[in-house]
Amino acid sequence: MKLPASFYTRPDVVQLAQELVGKYLYTNIDGVLTGGKIVETEAYSGENDKACHAHLGRRTQRTEIMYQQGGVAYVYLVYGMYNLFNIITNVAGKADAVLIRAIEPEEGIEEMLLRRNMASIKPNLTAGPGVLSIALGINRNLYGADLTGNVIWIEDKGNIVPAASIAAGPRIGIDYAGEDANLPWRFWLKENKWVSRKK
DNA sequence: TCAAGGATGAACT
DNA sequence: GTTCATCCTTGAA
């Protein structure tokens, strides 16, 4: 079942990031279906989070989409070469988002190998936000894409993820954010080899 | 095995 | 000019 818009407009982005672990992310780019199970996420909050691009109402052409109502994609370029995929959440004007960091490949594996220029399937095919976007064909064409449409979406397959199998810890690569860098807002499936960084 | 460095562009100072 | 929500290659241990 495709997640409805009402899932994304809920106010607690941290809770939402945790619930997204175990859901399934799919893209349909040029008629090619690829996707898999989400195994790692991070929460970013517009209010009170220095790590967020839209912290305290910062507003640029790049971050404009973050102020929309939840349920759209925020794709942006980092370090000049990688597109990172975020889900905008909460109601309009809040700028909350969830970064998808890693998935466990399931659908369209051959196409993902082709996009990554890899010969055989290995954990680093989709472990990490930059390579994940390459494998799924995500680029800035999807900036602002509707997550309830038919190009990129998330499905709930009814599988239950016990809270005990989800680990929480500090987010990655945001040391500049001061004390907010220590917030345990990264969630991943314990003992899953498709997670981008262990521990 | 692991640390260092490069690629490359948008946003900020 | 500097920083950044990254990843891959290189060369030293």
Side-chain angles (χ1 to χ4, degrees), chain A residues 8 13-14 16-18 20-21 25 36 38-68 70 72-90 94-105 112-145 147 152 154 167-189 193-199:
Chain A
Y8 303 106
V13 64
V14 176
L16 215 145
Q18 189 168 351
L20 281 171
V21 175
L25 171 67
I38 297 171
V39 296
E40 187 177 357
T41 65
E42 284 179 8
Y44 288 83
S45 175
E47 297 181 338
N48 243 343
D49 177 11
K50 294 201 194 79
C52 183
H53 288 158
H55 174 234
L56 290 182
R58 267 155 72 213
R59 198 163 191 140
T60 66
Q61 198 168 23
R62 182 176 70 160
T63 61
E64 188 63 33
I65 202 74
M66 298 188 75
Y67 294 91
Q68 296 228 354
V72 296
Y74 170 41
V75 181
Y76 81 98
L77 197 65
V78 73
Y79 298 115
M81 31 186 15
Y82 293 105
N83 296 302
L84 301 207
F85 169 62
N86 298 251
I87 296 164
I88 300 304
T89 71
N90 212 328
K94 290 293 188 183
D96 286 357
V98 177
L99 168 69
I100 306 299
R101 290 192 54 89
I103 69 168
E104 178 177 333
M112 289 194 268
L113 289 172
L114 212 59
R115 287 172 179 157
R116 293 275 288 118
N117 199 23
M118 289 168 63
S120 61
I121 188 163
K122 280 183 291 192
N124 67 352
L125 177 66
T126 55
V131 293
L132 164 67
S133 296
I134 297 172
L136 292 184
I138 295 171
N139 57 40
R140 275 165 294 161
N141 291 336
L142 293 181
Y143 180 90
L147 294 176
I152 182 165
I154 294 171
R171 291 169 291 176
I172 307 275
I174 53 159
D175 294 342
Y176 64 92
E179 63 209 29
D180 287 343
N182 298 320
L183 292 169
W185 284 5
R186 170 173 173 250
F187 301 99
W188 68 96
L189 272 183
K193 65 177 178 176
W194 299 97
V195 170
S196 68
R197 301 196 193 183
K198 308 183 174 107
K199 235 185 102 195

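Every chain is numbered from 1, with letters handed out A, B, ... down the list of sequences.
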Q: Could you check whether A/Arg116 gets within reach of a base, just the sugar-phosphate, or nothing at all, counting any heavy atom under 4.0 Å?
A: sugar-phosphate
Q: For A/Ile172, answer base if it contacts any base atom (sugar-phosphate contacts may also be present), sugar-phosphate if it contacts only those atoms, and nothing otherwise; contact means non-hydrogen atoms under 4.0 Å.
A: sugar-phosphate
Q: Mind calculating the distance between CD (A/Gln61) and C1' (B/dA11) to the nearest angstrom?
A: 11 Å
Q) A/Arg62 has an atom CZ; how far is it from atom P of C/dT3, in whole Å? A) 16 Å
Q | Distance-minimising heavy-atom pair for A/Val195 and A/Val39 | A | CG2-O, 3.8 Å
(Q) Does anything in residues 40-58 of chain A come within less than 4.0 Å of DNA chain C? Heavy atoms only, and list the residues if so. (A) A/Tyr44, A/Ala51, A/His53
Q | Donor-acceptor contact below 3.5 Å, side chain A/Arg171 vs main chain A/Ala43 | A | yes
Q | Polar side-chain atom of A/Thr63 near backbone of A/His53 as donor-acceptor pair, under 3.5 Å | A | no
**Q.** Main-chain N/O of A/Ser45 paired with A/Asp96 side-chain donor or acceptor, under 3.5 Å
**A.** no
Q | CG-CG distance between A/Asp49 and A/Leu56, expressed to the nearest 0.5 angstrom | A | 9.5 Å
Q) From A/Leu136 CG over to A/Thr126 OG1, what is the distance, rounded to the nearest 0.5 angstrom? A) 7.5 Å
Q) For the side chain of A/Met81, counting heavy atoms from C-beta on, which of C/dC7, B/dA11, B/dA7 is nearest? A) B/dA7
(Q) Using a 3.5 Å distance criterion without hydrogens, assess whether the side chain of A/Arg116 forms a donor-acceptor pair with backbone atoms of A/Leu125. (A) yes
Q: Scan A/Gly130 against the nucleic acid and name what it touches under 4.0 Å (heavy atoms): base, sugar-phosphate only, or nothing.
A: sugar-phosphate
Q.
Among B/dG9, B/dC12, C/dT6, which nucleotide has an atom closest to any side-chain atom of A/Val78?
A. C/dT6
Q | Protein-nucleotide distance (A/Lys122, atom NZ; C/dC7, atom P), rounded to Å | A | 15 Å
Q | Protein-nucleotide distance (A/Leu84, atom CG; B/dG9, atom C1'), rounded to Å | A | 13 Å
Q: Choose from B/dA10, C/dT6, B/dA11 the nucleotide whose nearest atom is closest to any side-chain atom of A/Arg101.
A: C/dT6
(Q) Looking at A/Arg101, is its backbone amide N or carbonyl O close enough to the side chain of A/Glu42 to form a donor-acceptor pair, meaning the two atoms are under 3.5 Å apart? (A) no
Q: Take atom OH of A/Tyr82 and atom P of B/dA10, then tell me their distance rounded to the nearest Å.
A: 17 Å
Q: Specify the separation, in whole Å, of atom OH of A/Tyr76 and atom P of B/dT8.
A: 19 Å
Q. Are the ring of A/Tyr79 and the base ring of C/dT6 both nearer than 5.5 Å at their centres and tilted by less than 30°?
A. yes
**Q.** A/Asn124 side-chain proximity, nearest of C/dT6, C/dC8, B/dA7
**A.** C/dC8
Q | Polar side-chain atom of A/Thr41 near backbone of A/Ala17 as donor-acceptor pair, under 3.5 Å | A | yes
Q) Between atom CD1 in A/Ile138 and atom C1' in C/dC7, what is the gap in whole Å? A) 16 Å
**Q.** Euclidean distance for P, C/dC8 against B/dA10 (whole angstrom)
**A.** 22 Å
Q: Report the distance from atom CG of A/Leu132 to atom P of C/dT6, rounded to the nearest whole Å.
A: 13 Å
Q. Once Watson-Crick and G-U wobble pairs under 3.5 Å are found, how is DNA chain B written in dot-bracket notation, 5' to 3', with | for any base paired to another strand?
A. |||||||.||||.
**Q.** A/Asp180 side chain vs A/Lys50 backbone, donor-acceptor pair below 3.5 Å
**A.** yes
